[in-house]
Amino acid sequence: MGILEKISEIEKEIARTQKNKATEYHLGVLKAKLAKYRQQLLEPTGKKGEKGEGFDVLKSGDARVALIGFPSVGKSTLLSTLTDTHSEAASYEFTTLTCIPGVISYNGANIQLLDLPGIIEGAAQGKGRGRQVIAVARTADLVLMMLDATKGHVQRGLLEAELESVGIRLNKPKPNIYFKLKKAGGISFNATCILSKIDEKLVQMILHEYKIFNAEVLFREDCTADELIDVICANRVYLPCLYVYNKIDQVSMEEVDRLARMPNTVVVSCNMKLNLDYLLETVWEMLALVRVYTKKPGQPPDFDDGLILRKGCNAEHVCHAIHRTIVATFKYALVWGTSTKFNPQRVGLNHVMNDEDVIQIVKK
Ligand SMILES: Nc1nc2c(ncn2[C@@H]2O[C@H](COP(=O)(O)OP(=O)(O)OP(=O)(O)O)[C@@H](O)[C@H]2O)c(=O)[nH]1
Ligand SMILES: [K+]
Ligand SMILES: [Mg+2]
């Protein structure tokens, strides 16, 4: 039996197994098996060109955003509208066949926007150029899932399932489970909270399915069997996803209003250039980029040439962004902005910066 057949057998068995206390262990083991086969399916076969011609676009700029969606939802139209790059758009499906990069300049940052071929159900198993598209999505800092406002509900569920099946987790935090393989000593299992979705026996069974007999497992939150499997597989990516409903010029005001109220969602019309400013604002927020302005003593801050960093960055990251040798001569820094109690405030390397802070570095 091929892997695809095995996968579909297990999926069928999961579907026909009633969910209750008595089948909980059986289901947990089935899920572990399913994850194992899916992983085998995705492992590179060693064939040359597997990555796909036209998909090996270099990362550039401050962040990477990938456009994922069914054919003809308007991905290329969006790229051509927001960037200086032109990507062919047409009313027939699969107009785009490769990865086409463009650059959005926003708040002084260069954001790489990738137009990609449309993907369809079965993409994860290699339908169309699905595998290549998904491989690019894994490298993004943000997924823009573009949907047609006239048929968004079905499309959204299908795409989410495709991405889910290849280990891409959208808008989900990493499960807080400590997991470490050991050479000996059996399985040590602990939890810092009450577990309602899994117990020690099921953890053991899942680990055995992966032929793991020595490991340390510590649940720091009430996680599910699926989340444990994700942690064991260790190749999951956790990405923010913004759902973009395009073609709102084709649906009623009531429908636009309903779509716009869903979480992580922006409604637009690329053709009529509706709401694109708000789309960019939301992309910026979800990328969680931070602008930091530097200042020399006795001079005004350099607002034209800010540094682009990630949320949570500290003064040390700022030093590295200026020049790799600066940290060695760092004495302290003066910071003005919303990260300080008073302005300026003298801070050390650990000080966490906020968006639009100004920093002056004082050397030894
Ligand atoms: N009504 C309407 N049509 C749009 C809008 N945006 C794009 N379209 C049309 O939708 C069709 C498909 O647009 P594309 O940009 O080629 O779509 P795509 O997602 O890149 O398609 P593939 O590359 O084939 O996957 C074109 O005929 C566009 O003119 C919009 O906001 N409203
Ligand atoms: K198209
Ligand atoms: Mg296209």
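What's counted below: heavy atoms across the whole structure, side chains too, no hydrogens, waters or symmetry copies. Indexing begins at 1, ligand by ligand and atom by atom, following the structure's order. Note that the numbering runs from 1 along the sequence shown for the chain. Model, not experiment: these values are computed from the prediction.
With hydrogens left out, the protein atom closest to atom 32 (N) of ligand 1 is Asp249 OD1, 2.8 Å, a heavy atom. Nearest protein neighbour of atom 29 (O) of ligand 1, counting heavy atoms only, is Asn271 ND2, 3.6 Å. In terms of protein heavy-atom proximity, atom 10 (O) of ligand 1 is nearest to Lys247 NZ, 3.1 Å. Ranking protein heavy atoms by distance to atom 25 (O) of ligand 1, first place goes to Lys75 NZ, 2.9 Å. Ranking the protein heavy atoms by distance from atom 15 (O) of ligand 1 puts Thr77 OG1, 2.5 Å first. Remark: minimum distance from atom 23 (O) of ligand 1 to any protein heavy atom is reached at Thr96 OG1, 2.8 Å. The nearest heavy-atom contact from the protein to atom 17 (O) of ligand 1 is Gly74 N, 3.0 Å. Scanning the protein for heavy atoms near atom 16 (O) of ligand 1, the closest one is Ala90 N, 3.0 Å.
Looking at Thr340, its side chain does come within 3.5 Å of a backbone N or O of Gly337 through a donor-acceptor pair. The closest donor-acceptor contact from the side chain of Thr23 to the backbone of Gln18 lies under 3.5 Å. Judged purely by atom type and a 3.5 angstrom limit, Asn107 has no side-chain atom pairing as donor or acceptor with the backbone of Ala109.
Residue Tyr278 qualifies as open at atom OH: its count of foreign heavy atoms under 6.0 Å is 12 or below. The environment of Glu255 atom CD is dense: over 12 non-hydrogen atoms of other residues, nucleotides or ligands sit within 6.0 angstrom. When the shell of 6.0 Å around CE of Met272 is examined, it contains 12 or fewer heavy atoms from other residues, nucleotides or ligands.
Heavy-atom distances between Met272 and ligand 1 stay at or above 4.0 Å for every pair. The closest approach between any non-hydrogen atom of Ser72 and ligand 1 is below 4.0 Å.
Remark: ligand 1 and Pro71 share no N or O pair separated by less than 3.5 Å (distance only, no angle test). Between Asp115 and ligand 1, no pair of N/O atoms sits closer than 3.5 Å.
Under the salt bridge (Lys or Arg N to Asp or Glu O under 4.0 Å) test applied with Arg291, the options Asp355, Asp305, Asp62 reduce to a single match, Asp355. Considering Lys31, Lys172, Arg236, Lys174 in turn, Arg236 is the only one that fulfils the salt bridge (Lys or Arg N to Asp or Glu O under 4.0 Å) rule with Asp230.
Here the angle centred on the Mg ion (ligand 3), running from OG1 of Thr96 over to OG of Ser76, is 90°, rounded to 10°. The K ion (ligand 2) forms the vertex of an angle spanning OG1 of Thr95 and O of Ala90; to the nearest 10 degrees it equals 90°. Around the K ion (ligand 2), the angle linking Ser72 (OG) with Tyr92 (O) is 70°, rounded to 10 degrees.
Side-chain atoms of Asp302 and Thr294 form no donor-acceptor pair, as typed in the model, at a separation below 3.5 Å.
If you chain together hydrophobic residues whose side chains sit under 4.5 Å apart, Tyr238 and Leu242 never meet in one group.
If you look at Asn246 next to ligand 1, the close heavy atoms, those under 4.0 Å, all belong to the side chain.
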Inset, instruction - Could you give me the CA-CA distance, side-chain angles and deciding distance for Thr96 and Lys75, then say whether side chain to side chain contact (heavy atoms under 4.5 Å, CB included) is met? - result: CA-CA 9 Å; Thr96 310; Lys75 300 180 294 298; over 6 Å; no
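The K ion (ligand 2) has no N, O or S atom of Ser76 closer than 3.4 Å.
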